[in-house]
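For reference, the structure I am asking about is given below.
Naming convention: chains lettered A, B, ... in sequence-line order (proteins, then strands); numbering from 1 in each chain.
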Number of protein chains: 2
Amino acid sequence: MRKMNTELAAKLAQFPLFTGQSPEMLDKIAAVAQLRRYQRGQSVFCEGDAGNGFYMVSKGRVKIFKLSSEGKEQILHVFGPGEPFGEVAVFEGRSFPASAEAMEAMEAVFIGRADFIELIQKNPGLTLKMLSMLSLRLRIFAHLIEDLSLKDVPSRLARYLLFAVEKQKNSQKIELDITRGQLASLLGTIPETLSRIFSRFQANGVLITNGNEVTIQDIPMLEAIAEGSAKL
Amino acid sequence: MRKMNTELAAKLAQFPLFTGQSPEMLDKIAAVAQLRRYQRGQSVFCEGDAGNGFYMVSKGRVKIFKLSSEGKEQILHVFGPGEPFGEVAVFEGRSFPASAEAMEAMEAVFIGRADFIELIQKNPGLTLKMLSMLSLRLRIFAHLIEDLSLKDVPSRLARYLLFAVEKQKNSQKIELDITRGQLASLLGTIPETLSRIFSRFQANGVLITNGNEVTIQDIPMLEAIAEGSAKL
DNA sequence: CGCTGCGTTGAGCTTCTTCAACGATCGTGG
DNA sequence: CCACGATCGTTGAAGAAGCTCAACGCAGCG
């Protein structure tokens, strides 16, 4: 039992949310945290479920998504190691507003609602981090809403690719870390449409695709498409 | 000066965020808060502006929105008395993710970033309220994303109307408190499309429109349309 | 070897937007 | 008091964007 807690505490220390916490505090947190494991495709929670706590990814990735009545999926987030999810239900005290599913073998730390609220109240630094994380998510959501409502699919793809280029230190060769289908769902479209647009970009010399590898050839053009000042 | 502060303190006490605060605390808050007035159509802040603080509506209404490069508008929120806005920029420390404009003569209390962060850190109750508010907004955004990505316009309108019915205590006569154009922008479409759908609903006996007054006649049908199990 | 999941391509169609015109309402100034 | 312009809402016709459905290729894996 002792050993398990120190292991957990070590994991907790990795999370941005908990950096700067004293070892004693980490031990306290570890005492109320549980480690949970999921297989690829396994559901973590479903929209509407009662939210009794929140999660932080320690290994693998989760997708947070909504389903339409016809089964179409809209991905809201893809979270990897260090990122928390399911907090909305904790603070707002109701059900989960979306579903979560492991995209690959995944491991997450779970902390119950009451325990976490207690932690927060005693820890102003933690509070501010949490507020800042929720704010960041609001910003991301606002961006997604803008995309869905005001931009066409080529623009969205262009924005996504430019973001990926930036994230990978401007190397023009990008490794897509999700499948085409998932990317389509993240961009609010379907695989067929996404595929057509990739082809169109390639036909116009904007990029070259090769499996999960995409080489960007014309960044200025991509920027023009992203902001809507050029069409293909 | 003294008088102004007590006036302000009285206003502050009305805000859900500050209910339960001691008179002394309210005075302290009032000392760092400013009252700002806006005319209909006046901009409060623009997307990208540096966010040095946040606002709480005390009179009138604001819309929070994004603009496309062609000038199309997507409304993210409409806020009335008691509701805070612009907090994202405070906690995340960057710029405003969207623009804000007064929809009518409006009055808002402004609190600077540093002051508010100080307040928060000394006041766990305030913290939790703030977390809960941000969470609620994330939930609302998730709903909007679902609408935009997974539902057609008739569904969105149906959902909106059902929500309004519920809000107005189930009287089937609804008073729309925003213009058609604004409603279109809130639902992620344009006035022409919205108008057509209202006509279609009316032609099928689902509702009767009369200016800003809408009388719902077939709630079950509206529910069916909202969830996508019926089309017109 | 066949199966299954994933990606691609084509054809047709639905939905929504665009563009244009028109009617109604309201506030203003003559 | 009326005329005027501005704003808003409505309606029609045409067009574009993206979705559905179906077929096929390809790779990985039992």
Side-chain angles (χ1 to χ4, degrees), chain A residues 39-41 63 67-75 101 103-104 147-158 176-203 207-214 225 228 230-232, chain B residues 39-41 63 67-75 101 103-105 147-158 175-203 207-214 225 228 230-232:
Chain A
Q39 301 166 358
R40 172 193 156 91
K63 66 178 176 188
L67 285 180
S68 78
S69 50
E70 293 93 16
K72 189 185 165 191
E73 172 191 274
Q74 170 69 50
I75 296 183
E101 188 184 300
M103 297 175 75
E104 52 209 43
D147 269 11
L148 291 172
S149 167
L150 305 173
K151 310 267 184 189
D152 56 16
V153 184
S155 289
R156 294 178 222 162
L157 176 57
L176 295 180
D177 51 0
I178 53 178
T179 68
R180 297 296 174 95
Q182 302 276 273
L183 178 54
S185 166
L186 191 58
L187 297 180
T189 185
I190 55 173
E192 291 95 321
T193 299
L194 185 63
S195 177
R196 288 179 228 280
I197 291 169
F198 262 119
S199 307
R200 216 152 83 208
F201 281 2
Q202 183 151 5
L207 50 74
I208 296 173
T209 63
N210 179 22
N212 281 342
E213 209 173 87
V214 179
I225 294 169
K231 307 262 170 208
L232 284 186
Chain B
Q39 300 166 357
R40 173 193 154 90
K63 64 177 177 189
L67 285 179
S68 79
S69 51
E70 293 93 15
K72 190 185 164 192
E73 172 191 276
Q74 170 69 50
I75 296 183
E101 188 185 299
M103 298 174 75
E104 53 209 43
D147 269 11
L148 291 172
S149 167
L150 305 174
K151 310 269 184 188
D152 58 15
V153 184
S155 289
R156 294 178 223 163
L157 177 56
E175 187 79 22
L176 294 180
D177 51 0
I178 53 178
T179 69
R180 297 297 174 92
Q182 303 275 273
L183 178 54
S185 166
L186 191 58
L187 297 180
T189 185
I190 55 175
E192 291 95 322
T193 300
L194 184 63
S195 177
R196 288 180 228 279
I197 292 168
F198 262 120
S199 306
R200 216 153 82 208
F201 281 3
Q202 184 151 4
L207 49 74
I208 297 173
T209 63
N210 178 22
N212 280 341
E213 210 174 87
V214 179
I225 293 169
K231 307 263 170 207
L232 284 186

Rounded to the nearest 0.5 Å, how far does CG of B:L186 lie from CZ of B:R156?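 CG of B:L186 is found 11.0 Å from CZ of B:R156.
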If you take all heavy atoms of A:T189 and A:K72, which pair is closest and at what distance?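 The pair with the smallest heavy-atom distance is O-CE, 4.0 Å.
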Take atom CD of B:E192 and atom C1' of C:dC19, then tell me their distance rounded to the nearest Å.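 After rounding, the gap between these two atoms is 9 Å.
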Whole-Å distance between C:dT17 C1' and B:E73 CD?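 To the nearest whole Å, that distance equals 17 Å.
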Contact between B:L207 and B:Q202 at the side-chain level, heavy atoms closer than 4.5 Å - yes or no?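 Heavy-atom side-chain distance check passes, below 4.5 Å.
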Need one value for A:R200: base, sugar-phosphate or nothing, where a base atom within 4.0 Å counts as base even if backbone is also close, heavy atoms only.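 It contacts nothing in the nucleic acid.
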Output the rounded distance in Å from CG (A:L148) to P (D:dA17).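 Computing the A:L148:CG to D:dA17:P distance gives 18 Å.
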Is any side-chain heavy atom of B:R196 closer than 4.5 Å to one of B:V153?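 No, every pair of side-chain atoms sits at 4.5 Å or beyond.
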Tell me whether the side-chain N/O atoms of B:S199 come closer than 4.0 Å to OP1 or OP2 in D:dT10.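 It does not, given that no N or O in the side chain of B:S199 lies less than 4.0 Å from OP1 or OP2 of D:dT10.
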Within this structure, what is the CG-to-C1' distance between B:L194 and D:dC8, rounded to whole angstrom?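 Rounding to the nearest Å, CG of B:L194 and C1' of D:dC8 are 13 Å apart.
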Measure from CD on A:E213 to P on C:dG7 and round the result to the nearest Å.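 It works out to 16 Å between those atoms.
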With a 4.0 Å cut-off on heavy atoms, is B:K72 in touch with a base, just the backbone sugar-phosphate, or nothing at all?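 Sugar-phosphate contact only.
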Of the residues in residues 175-187 of chain B, which ones touch DNA chain D at a heavy-atom distance under 4.0 Å?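 Within residues 175-187 of chain B, the residues near DNA chain D are B:T179, B:R180, B:G181.
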Identify the heavy atoms of A:P154 and A:R200 that sit nearest to each other, and give their distance.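 Looks like CG-NH2, 3.6 Å.
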Nearest-nucleotide 5' precedence on DNA chain D, B:R40 against A:D152: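 Mapping each residue to its closest nucleotide by heavy atoms, the 5'-most match is B:R40.
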For A:R40, I'd like to know if atom CZ has over 12 heavy atoms of other residues, nucleotides or ligands within 6.0 Å.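 No, not enclosed.
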Are the side chains of B:V214 and B:F201 in contact, using a 4.5 Å heavy-atom criterion?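 Heavy-atom side-chain distance check fails, nothing below 4.5 Å.
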To the nearest Å, how far apart are A:I190 CD1 and C:dT15 C1'?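 After rounding, the reported distance stands at 13 Å.
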For B:Q202 and D:dG9, what is the distance between atoms CD and P respectively, to the nearest whole Å?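 Computing the B:Q202:CD to D:dG9:P distance gives 16 Å.
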Give the nucleotide from the list C:dC16, D:dC8, C:dC19 with an atom nearest to the side chain of B:R196.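 From the listed options, C:dC19 comes nearest.
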OP1 or OP2 of C:dT17 sitting under 4.0 Å from any side-chain N/O of B:T193?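 So the side chain of B:T193 is within the cut-off, an N or O lying under 4.0 Å from OP1 or OP2 of C:dT17.
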Would you kindly give the CZ-to-P distance between A:F198 and C:dT8, to the nearest whole Å?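 Roughly 8 Å, once rounded to whole Å.
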